[in-house]
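Notes for the one structure printed next.
Small disclaimer: the values here were computed from a predicted structure and weren't measured.
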Amino acid sequence: MKKSLKIVFSLLLVLSMILAGCGGGETSSGGSSDGEATKITIYTVAGGDEYYNDLLIPMFEKETGGKYEIEYGRGTPQEIINKIKAQGKNGNIDLVITGLDGLPLGIEAGLWEQVVPTYEEELHVAQWNDIAKEYIEKFDGYGVPTVTGPGGPILVYNEDKVKNPPTTYAELKTWIEENPGKFTYPAVPSSGPARGFFLGLAQAMGEDINDPKSLDKTWTYLEEIGETIDNYPAKTSDSFNALYDGAVDIIPHFPLWFGNLQVQGTVPPNIKAVKLTDTTQIVDSQFLVMLKDLPEDRKKAALEFMEFATSKEAQAQGLSVGFSPANTEATADLLSPENKENYDKLAEVVLPEFKNGETIGLKEGDWSLFPSLEATTEHYKNWEEKIQAKK
């Protein structure tokens with residue numbers, strides 16, 4: 001009997017040692033109890049793979065020593081919003097990178113967590129530029145700005161076909177009338193360049209972008225040029241393809257985005273750009289938004305990523321691919337040697353109107369903020385009803 005008890009005791013002792021060695025104690029902060037990396041699922045509805053997927057995410061995973069693993073996906077704003085709604089509270093999405101399209105749509109649907117002022121210290125709010133702070137106020141702290149740069153309008157054109165590119169909206173309208181079917185722009189609710197084109201037009205018409213009911217001249221202009229447009233591409237990239245393939249000869253674009261594509265060598269040599277001069281640049285921004293009501297462990301992981309993404313060190317690297325940081329302390333001297341080389345190439349090709357000496361970005365006084373949440377939402381609905389519905 002004693003021998004049996006000794007055997008049982010020995011087995012229990014060995015078992016307890018095995019359990020202790022397998023991590024039977026407390027779970028480490030932010031990590032999983034089995035030692036595997038914690039997954040953070042991020043979707044972009046704003047593009048930006050060259051920054052988020054190629055630079056920011058690898059930096060974060062390296063910085064956190066394998067503690068986290070990012071699952072990265074893409075989609076249009078409406079696709080991802082529908083996906084989140086379909087998944088409900090048991091969904092697997094933690095963060096979304098969105099422009100000024102998905103941000104108001106998600107706020108309206110009650111999908112995003114209000115992160116400012118609750119987490120303003122973690123998210124470096126004190127270091128944000130004035131544009132970022134004003135956007136936070138406009139959108140009630142539901143998104144964290146990651147970029148605040150020139151959002152157009154510029155025109156990108158095929159110089160083989162367009163010998164004297166238009167530089168005003170009036171000149172563009174005349175050109176479209178003379179070249180029917182050779183101009184297009186993407187759907188305004190889902191494309192940054194299209195939004196810059198639309199809001200820049202309203203300014204050029206002398207109308208108030210913060211008052212959707214005042215845009216009579218804007219709608220008339222768009223209705224008239226719409227008579228020559230076969231369809232409005234759902235994605236910005238589709239409009240690029242139409243230009244590169246020769247289906248159209250002019251499209252709207254972002255200045256720094258176009259410059260980065262030139263650096264990457266994806267732009268045919270006959271494609272050039274020109275700035276529209278009868279409006280200011282509309283400041284485009286991209287935001288990180290966190291899903292509402294995440295479980296505490298996932299919320300903690302998502303906030304750690306957001307804290308890193310808004311740091312000056314991380315945001316500075318975006319300069320190399322044409323992303324203007326929201327963090328005022330994210331300067332070119334923080335660029336890694338490899339990214340600094342790309343930044344220097346970008347400075348060589350970007351339109352001169354978007355350079356202050358050797359610094360790339362907006363010039364003082366040549367920018368306007370996006371309208372309020374309510375006005376933005378109404379603009380999207382009006383465009384769909386007045387313009388897109390006619391195709």
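Of the possible donor and acceptor atoms, none in the side chain of T98 sits under 3.5 Å from a partner among the backbone N and O of F287. Listed for the K173 side chain is no donor-acceptor partner under 3.5 Å among the backbone atoms of I225. Judged purely by atom type and a 3.5 angstrom limit, N327 uses its side chain to pair as donor or acceptor with the backbone of T310.
Between K67 and E304 there is a salt bridge, since a side-chain N of the basic residue sits under 4.0 Å from a carboxylate O of the acidic one. Between R74 and D49, at least one side-chain N (NZ, or NE/NH1/NH2) sits under 4.0 Å from a carboxylate O, which counts as a salt bridge. Between K381 and E385 there is no salt bridge, since no side-chain N of the basic residue sits under 4.0 Å from a carboxylate O of the acidic one. Between K363 and E353 there is no salt bridge, since no side-chain N of the basic residue sits under 4.0 Å from a carboxylate O of the acidic one. Residues K292 and E113 are not paired through a salt bridge, judged by the lack of any N-O separation under 4.0 Å between the basic side chain and the carboxylate. Using a cut-off of 4.0 Å between Lys/Arg side-chain N and Asp/Glu carboxylate O, K391 and E227 are scored as not salt-bridged.
Side-chain contact between I360 and L346 is present, with heavy atoms from C-beta onward closer than 4.5 Å. V96 is not listed as a side-chain neighbour of T44, based on a closest heavy-atom distance of 4.5 Å or more. With contacts defined as side-chain heavy-atom distances shorter than 4.5 Å, the pair P153/Q281 qualifies.
Following chains of ILVMFWY side-chain contacts shorter than 4.5 Å, one can reach Y244 starting from F254, so the two form part of one hydrophobic cluster.
When each of T377, N210, D211, I282 is checked for a side chain to side chain contact (heavy atoms under 4.5 Å, CB included) with P371, only N210 meets the rule. Of the candidates N342, V263, L261, N339, V321 forms a side chain to side chain contact (heavy atoms under 4.5 Å, CB included) with just one, namely N342.
Looking only at atom types and distance, the side chain of E207 has a donor-acceptor partner in the side chain of T218 under 3.5 Å away. Using modelled atom types, one finds a donor on one side chain and an acceptor on the other under 3.5 Å when comparing S368 with T280. Looking at T146 and Q315, their side chains never bring a donor and an acceptor atom within 3.5 Å of each other.
Two rings, from Y157 and W175, have their centers 6.0 Å or more apart. For F305 and Y68, the ring centers are positioned 6.0 Å apart or more.
In this structure, Y232 and W383 have perpendicular ring planes: the angle between them is above 60°, well past the 30° mark.
Note that the CD atom of E171 and the CD1 atom of I176 stand 12.0 Å from one another [nearest 0.5 Å].
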Exercise. Does the pair K275 and D366 meet the rule for a salt bridge (Lys or Arg N to Asp or Glu O under 4.0 Å), with working shown?
Worked result: CA-CA 12 Å; K275 183 178 184 289; D366 185 27; 3.4 Å; yes
